[in-house]
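Quick caveat: nothing in here was measured; it's all calculated off a predicted structure.
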Amino acid sequence: MSTRCIALVDVNNFYVSCERLFRPDLMNLPVIVLSNNDGCVVARSEEAKVLGVPMGVPWFRVRELVKNSGITVFSSNYPLYADLSHRVMSLLSTFSSSQEIYSIDESFLDLTGMSSQMEQYGQVIRKRVDQWVGLPVSIGMGPTKTLAKLANYLAKKRPVYRGVCDLGAMSSGQMESIFASIPVSEVWGIGRRTTELLERVHIRTVAHLRELDTTVARRRFSIVLERVVKELQGISCLDLEQILPAGRQQIICSRSFSHPLTGLNEIKEAIALYTERAAEKLRLQCSLAGRIQVFIQASLFKPEERRHSYAVTLSLSLPTDDTACLVRNAFLALEKLYRPESRYVKAGVMLMELHSKSHRQSVLFGVSEEVQSAKRRDQLMNVMDGINHRWGKHILGLGWSGLAKPRPWVMKQDYKSPGYTTDWQQLPVVKA
DNA sequence: TCTGGGGTCCTAGGACCC
DNA sequence: TCTGGGGTCCTAGGACCC
């Protein structure tokens with residue numbers, strides 16, 4: 001039996017690469033992409049990294065640097081990224097019968113037994129994604145997910161691997177010396193806090209961590225760290241999760257406002273809109289929510305308590321996916337939270353205790369009036385989702401989310417690129 | 001003046017029960 | 001008035017990920 005081979009394929013500087021796909025003139029030039037509301041930097045090209053733009057830095061803090069260095073800036077264009085992500089993922093699915101889509105730009109593939117030359121096979125995948133979609137990927141391989149992640153780090157950081165690194169093909173001596181050169185903070189699952197704790201016991205490199213006794217890892221740290229150590233040792237603890245997006249356990253929709261809001265009505269508009277979106281996602285995965293939480297974040301006047309977050313959670317008498325019912329409950333929660341003297345900078349809605357919809361049918365069976373009414377609501381929601389899907393987001397809503405468009409509070413997106421692949425009006429024009 | 005949004009998993013502690 | 005041990009369930013919060 002051959003050892004397991006897990007590959008992690010990920011798109012290099014994904015958002016930047018998506019923008020460049022339609023702006024080839026920006027190839028080899030510094031480019032960054034901002035988060036929602038143009039809040040902070042979430043993606044950087046290699047050239048921008050070299051110029052010293054840190055990851056996650058607030059936009060206002062690097063604005064000058066960016067302008068002076070001639071860096072091109074984009075607001076996030078999620079419809080574009082989601083569309084390109086989908087193309088990459090479906091192409092990757094043809095290389096393996098077992099795929100986990102881990103994030104918008106990352107996918108695990110089980111490549112066990114696919115080839116005796118895994119590194120070459122990886123190069124084939126890279127080339128195919130480049131030719132068919134036009135995006136650059138790096139590929140890491142190893143016997144566990146954590147090792148595949150680590151291999152991916154090497155594939156990306158060290159040119160010697162030419163974008164594909166297979167730890168499974170290395171001798172233990174080779175691995176040992178490579179691991180001794182990687183800081184422990186690069187390991188998947190080791191964040192800032194754990195890095196500090198490990199530092200105290202002089203565990204600084206991947207090699208150190210790999211040697212840690214697993215029972216000690218569990219006793220002194222946590223069950224999570226024990227798993228990480230085992231995975232580094234080649235003992236698989238994390239399975240490929242081939243769940244569709246259908247399996248979410250909670251659904252959140254939240255946004256910062258373009259400027260602080262004080263009026264209840266404006267905040268209600270936002271909450272209604274967020275609830276509508278969350279409910280749409282809920283119906284898309286055929287679930288019902290049992291609880292709903294509303295939270296609002298206030299920016300206070302005193303600098304030492306600049307932001308304060310409050311939340312109210314309500315249990316619904318019956319699990320539901322009905323937008324109207326969810327919005328009603330969201331408003332109840334909001335009214336408990338709202339203080340007229342506060343300035344609110346962000347709000348959100350969270351749907352929790354999600355159950356599969358097929359389950360509810362049986363609960364309601366026999367209560368004919370309720371069944372009839374639930375059926376009618378279902379039909380209404382189906383029609384709404386259908387129209388919004390066909391004609392664009394939120395053509396049809398429930399009137400609570402405000403009629404004035406553009407809504408004054410929606411997020412800033414000052415540098416957004418066109419919807420090249422998702423809007424007929426914005427298709428790129430090819431010059432002959 | 002300006003610091004994203006959407007997730008998962010684990011743990012500690014309180015309430016309650018026997 | 002003193003006060004054990006064990007179990008479950010729930011919630012809040014931390015840590016981490018992209």
Side-chain angles (χ1 to χ4, degrees), chain A residues 8-15 32-44 53-64 66 74-78 81-82 85 100-108 145-146 149 152-153 184-198 218 221-228 237-238 241 243 245-260 270 274 277-278 281-282 285 290-291 293 295 297 299 301 303 306-307 309-315 343 345-354 410-414:
Chain A
L8 177 70
V9 185
D10 111 339
V11 182
N12 303 340
N13 312 325
F14 181 55
Y15 296 172
I32 60 171
V33 178
L34 304 179
S35 65
N36 271 335
N37 218 23
D38 292 344
C40 54
V41 175
V42 290
R44 308 158 298 156
V53 181
M55 181 64 175
V57 70
W59 166 228
F60 70 88
R61 221 173 263 167
V62 287
R63 198 192 319 242
E64 281 310 303
V66 165
F74 290 96
S75 301
S76 298
N77 184 346
Y78 283 101
Y81 310 150
S85 170
E100 173 185 341
I101 297 172
Y102 177 66
S103 75
I104 193 163
D105 74 324
E106 279 175 81
S107 176
F108 287 102
K145 287 167 86 175
T146 304
K149 268 279 206 183
N152 186 277
Y153 162 85
V184 75
S185 56
E186 297 298 340
V187 176
W188 190 34
I190 306 295
R192 198 173 44 86
R193 181 93 183 95
T194 309
T195 303
E196 277 169 29
L197 293 177
L198 289 170
R218 186 183 194 133
F221 296 90
S222 67
I223 190 169
V224 181
L225 193 79
E226 182 194 19
R227 273 203 294 259
V228 171
C237 302
L238 305 168
E241 290 167 35
I243 31 167
R248 299 262 176 266
Q249 295 174 35
Q250 48 181 243
I251 290 170
I252 300 175
C253 186
S254 73
R255 291 282 182 283
S256 302
F257 305 127
S258 56
H259 56 91
Y274 302 164
R277 289 197 185 162
K281 291 190 212 170
L282 187 69
Q285 68 165 50
R291 290 160 73 81
Q293 181 181 83
F295 61 90
Q297 211 174 66
S299 149
F301 292 98
R306 262 184 59 233
R307 295 203 148 190
S309 204
Y310 306 93
V312 160
T313 309
L314 297 179
S315 286
R343 308 160 70 235
V345 294
K346 179 179 177 179
V349 173
M350 187 152 126
L351 302 179
M352 297 177 295
E353 268 179 27
L354 308 188
V410 298
M411 64 183 178
K412 269 186 272 193
Q413 282 192 307
D414 291 344

Remember a base hit wins even if backbone is also touched, and classify A:I251 as base, sugar-phosphate or nothing at under 4.0 Å, heavy atoms.
-> sugar-phosphate
Centre of A:F108's six-membered ring, under 6.0 Å away, within 45 degrees of the axis: is that where NZ or CZ of A:K145 sits?
-> yes
From the list B:dG4, B:dG6, B:dC2, which nucleotide is the closest neighbour of the side chain of A:R63?
-> B:dC2
Gap between atoms CD and P, on A:Q250 and B:dG7 respectively (whole Å) = 7 Å
Got a second to check how far A:L238's CG is from A:R227's CZ, nearest 0.5 Å?
-> 6.5 Å
Between B:dG6 atom P and A:Q285 atom CD, what is the distance in whole Å?
-> 14 Å
Whole-Å distance between B:dG5 C1' and A:Y78 OH?
-> 7 Å
Compute the ring centroids of A:Y78 and A:Y15, then answer whether they are less than 6.0 Å apart.
-> yes
Pairwise N/O distances under 3.5 Å, protein to nucleotides 14-18 of chain C:
{"unit_1": "C:dA15", "atom_1": "OP1", "unit_2": "A:R193", "atom_2": "NE", "d": "2.6"}
{"unit_1": "C:dC16", "atom_1": "OP1", "unit_2": "A:G191", "atom_2": "N", "d": "3.2"}
{"unit_1": "C:dC16", "atom_1": "OP1", "unit_2": "A:G191", "atom_2": "O", "d": "3.4"}
{"unit_1": "C:dC16", "atom_1": "OP1", "unit_2": "A:R193", "atom_2": "N", "d": "3.4"}
{"unit_1": "C:dC16", "atom_1": "OP1", "unit_2": "A:T194", "atom_2": "N", "d": "2.7"}
{"unit_1": "C:dC16", "atom_1": "OP1", "unit_2": "A:T194", "atom_2": "OG1", "d": "2.6"}
{"unit_1": "C:dC16", "atom_1": "OP2", "unit_2": "A:R192", "atom_2": "N", "d": "3.4"}
{"unit_1": "C:dC16", "atom_1": "OP2", "unit_2": "A:R193", "atom_2": "N", "d": "3.0"}
{"unit_1": "C:dC17", "atom_1": "OP1", "unit_2": "A:G189", "atom_2": "N", "d": "2.8"}
{"unit_1": "C:dC17", "atom_1": "OP1", "unit_2": "A:I190", "atom_2": "N", "d": "3.2"}
{"unit_1": "C:dC17", "atom_1": "OP1", "unit_2": "A:I190", "atom_2": "O", "d": "3.4"}
{"unit_1": "C:dC18", "atom_1": "OP1", "unit_2": "A:K149", "atom_2": "NZ", "d": "2.7"}
{"unit_1": "C:dC18", "atom_1": "O3'", "unit_2": "A:S103", "atom_2": "OG", "d": "2.8"}
{"unit_1": "C:dC18", "atom_1": "O3'", "unit_2": "A:D105", "atom_2": "OD1", "d": "3.1"}
{"unit_1": "C:dC18", "atom_1": "O3'", "unit_2": "A:E106", "atom_2": "OE2", "d": "3.1"}

What's the shortest heavy-atom distance between A:D38 and A:D414, and which atoms?
-> OD2-N, 2.8 Å
May I ask you to check whether A:W59 and A:F74 place their ring centres under 6.0 Å from each other?
-> no
Over how many whole Å does the gap from A:L34 atom CG to B:dT3 atom C1' extend?
-> 12 Å
Counting side-chain heavy atoms from C-beta on, which of B:dG4, B:dT3, B:dG6 comes nearest to A:P58?
-> B:dT3
Measure from CD on A:Q249 to C1' on B:dG7 and round the result to the nearest Å.
-> 10 Å
Scan nucleotides 8-13 of chain C nucleotide by nucleotide, 5' to 3', and note B when protein non-hydrogen atoms come under 4.0 Å of the base, S if they reach only the sugar-phosphate, - if neither.
-> ---S--
Using heavy atoms to find the nearest nucleotide of DNA chain B for A:R255 and A:R227 separately, return the residue whose nucleotide is more 5′.
-> A:R255
When you match A:C253 and A:K412 each to their closest nucleotide on DNA chain B, which lands nearer the 5' end?
-> A:K412
Between A:T313 and A:Q293, is any side-chain donor less than 3.5 angstrom from a side-chain acceptor?
-> yes
Interatomic distance, A:N37 atom CG to A:M411 atom CE [nearest 0.5 angstrom] | 7.0 Å
Check whether the side chains of A:N77 and A:S75 place a donor and an acceptor atom closer than 3.5 Å, and report yes or no.
-> no
C1' atoms of C:dG4 and B:dC16, separation to the nearest Å | 16 Å
All heavy atoms of A:V187 vs all of A:T146, minimum pair found to be CG1-CG2, 4.1 Å
Cationic N near anionic O, under 4.0 Å, A:K149 to A:E186 | no
Are more than 12 heavy atoms from other residues, nucleotides or ligands located less than 6.0 Å from atom NZ of A:K281?
-> yes
In what stems does DNA chain C take part, counting only runs of at least 3 consecutive Watson-Crick or G-U pairs whose two distances fall under 3.5 Å?
-> B:5-18 with C:5-18
